[in-house]
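Following: one structure in structure tokens, then a few remarks.
Along the sequence shown, residues are numbered consecutively beginning with 1. None of these values were measured; they are calculated from a predicted model.
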Amino acid sequence: VSVNRELVKENLGVAYHNAVTHFMRQHDYSAAVSYAKQSRDFDLLQVAAHNGAMYALRQKEFARARRFATATSKKQELLRTIDVGEATQLFNAKRYHEALKLYERVGDRDMQQRCYKGLYAQEQAKLRGIKTTADLKAHAGTIRTMQRYANASGDTKLMQYCDQLVRWL
């Protein structure tokens, strides 16, 4: 151990930096963030946490990405990006209710309308095979739900179609 404290402090800083860099190359961002915190180097922590959040987002590990994002100075921006990524995955998996909640959180009106159209289509699929007005009346709840989704989507054609179906109830 050197008697020169400044030299020891600088060497320790370099060692932490090298360790964090090594863990980031290995995609072990938890260890990288841990070492960056121990180093008390704010900039190093920001880089490790941001890279960890983006890597987890690419791996579709959204909860893990959110944990990394909380350690960054651009927390809100990163959390919004993560929410949009998760919502997109849910939308593509036709999990419209869950995607809708995330799109509402980020304020993406266009995607909210697309979710409502997807929900409408799912409800409409329940009406396949209906041949009589009695069958139609038996599915009145489904038609009312379709009407609610059509109104929320803002699609005038869907709204008009639902209005025609309601007339038969």
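- Residue pairs that meet the salt bridge (Lys or Arg N to Asp or Glu O under 4.0 Å) test with at least one member in residues 119-133, sequence neighbours left out, are Glu123-Lys126.
- Linking Ile, Leu, Val, Met, Phe, Trp and Tyr whenever their side-chain heavy atoms come within less than 4.5 Å leaves Met146 and Met159 in two separate clusters.
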Expected list for residues 31-45: side-chain donor-acceptor pairs under 3.5 angstrom, two or more places apart:
from: Ser39; atom 1: OG; to: Ala36; atom 2: O; distance (Å): 2.7
from: Ser39; atom 1: OG; to: Asp41; atom 2: N; distance (Å): 3.2
from: Asp41; atom 1: OD1; to: Asp43; atom 2: N; distance (Å): 3.2
from: Asp41; atom 1: OD1; to: Leu44; atom 2: N; distance (Å): 3.3

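- For Glu104, there are no side-chain hydrogen bond (donor to acceptor under 3.5 Å, both in side chains) partners at least two apart in sequence or on another chain.
- Across all their heavy atoms, Ala53 and Ala69 have their closest contact at CB-N, 4.0 Å.
- For Thr21, the side-chain contact (heavy atoms from CB on, under 4.5 Å) partners at least two apart in sequence or on another chain are His17, Arg25.
- For the atom pair CD (Gln124) and CG (Leu165), the distance works out to 8.0 Å, reported to the nearest 0.5 Å.
- Under the 4.5 angstrom side-chain criterion for Ile, Leu, Val, Met, Phe, Trp and Tyr, Val14 has no cluster partners at all.
- Under a hydrophobic-cluster definition in which Ile, Leu, Val, Met, Phe, Trp and Tyr are linked whenever side-chain heavy atoms come within less than 4.5 Å, directly or via other members, Val106 and Phe62 are assigned to different clusters.
- For residues 51-63, the pairs satisfying side-chain hydrogen bond (donor to acceptor under 3.5 Å, both in side chains) are Glu61-Arg64, with sequence neighbours left out.
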Please assess Ile143 against Leu127 for the test side-chain contact (heavy atoms from CB on, under 4.5 Å), listing each intermediate value before the final yes or no.
CA-CA 8 Å; Ile143 293 169; Leu127 298 180; 4.1 Å; yes
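- Checked against side-chain hydrogen bond (donor to acceptor under 3.5 Å, both in side chains), Gln46 has the following partners two or more places apart in sequence or in another chain: Ser73.
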Between His22 and Asp28, is the side-chain contact (heavy atoms from CB on, under 4.5 Å) condition met? List the steps.
CA-CA 9 Å; His22 169 75; Asp28 187 356; over 6 Å; no
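- Considering all non-hydrogen atoms of both residues, Tyr120 and Cys162 come closest at CE1-SG, 3.4 Å.
- Among residues two or more places apart in sequence or in another chain, the side-chain hydrogen bond (donor to acceptor under 3.5 Å, both in side chains) test is passed with Thr133 by none.
- Once rounded to the nearest 0.5 Å, the distance linking CE of Met54 with OH of Tyr29 reads 10.5 Å.
- For Glu77, the side-chain contact (heavy atoms from CB on, under 4.5 Å) partners at least two apart in sequence or on another chain are Lys74.
- Under the side-chain hydrogen bond (donor to acceptor under 3.5 Å, both in side chains) criterion, the residue pairs touching residues 143-160 are Gln147-Asp163, with sequence neighbours excluded.
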Exercise answer: donor-acceptor pairs, residues 83-91 side-chain atoms, under 3.5 Å, sequence neighbours excluded:
from: Asp83; atom 1: OD1; to: Arg66; atom 2: NE; distance (Å): 3.4
from: Asp83; atom 1: OD1; to: Arg66; atom 2: NH2; distance (Å): 2.6
from: Asp83; atom 1: OD2; to: Arg105; atom 2: NH1; distance (Å): 3.4
from: Glu86; atom 1: OE1; to: Arg66; atom 2: NH1; distance (Å): 3.0
from: Glu86; atom 1: OE1; to: Arg66; atom 2: NH2; distance (Å): 2.6
from: Thr88; atom 1: OG1; to: Val84; atom 2: O; distance (Å): 2.8
from: Thr88; atom 1: OG1; to: Tyr103; atom 2: OH; distance (Å): 3.2

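- When every heavy atom of Trp168 is checked against every heavy atom of Lys137, the shortest pair comes out as O-CE, 3.4 Å.
- The two residues Thr81 and Leu57 make their nearest non-hydrogen contact at CG2-CD2, 3.9 Å.
- Looking at residues two or more places apart in sequence or on another chain, you find a salt bridge (Lys or Arg N to Asp or Glu O under 4.0 Å) between Glu98 and Arg95.
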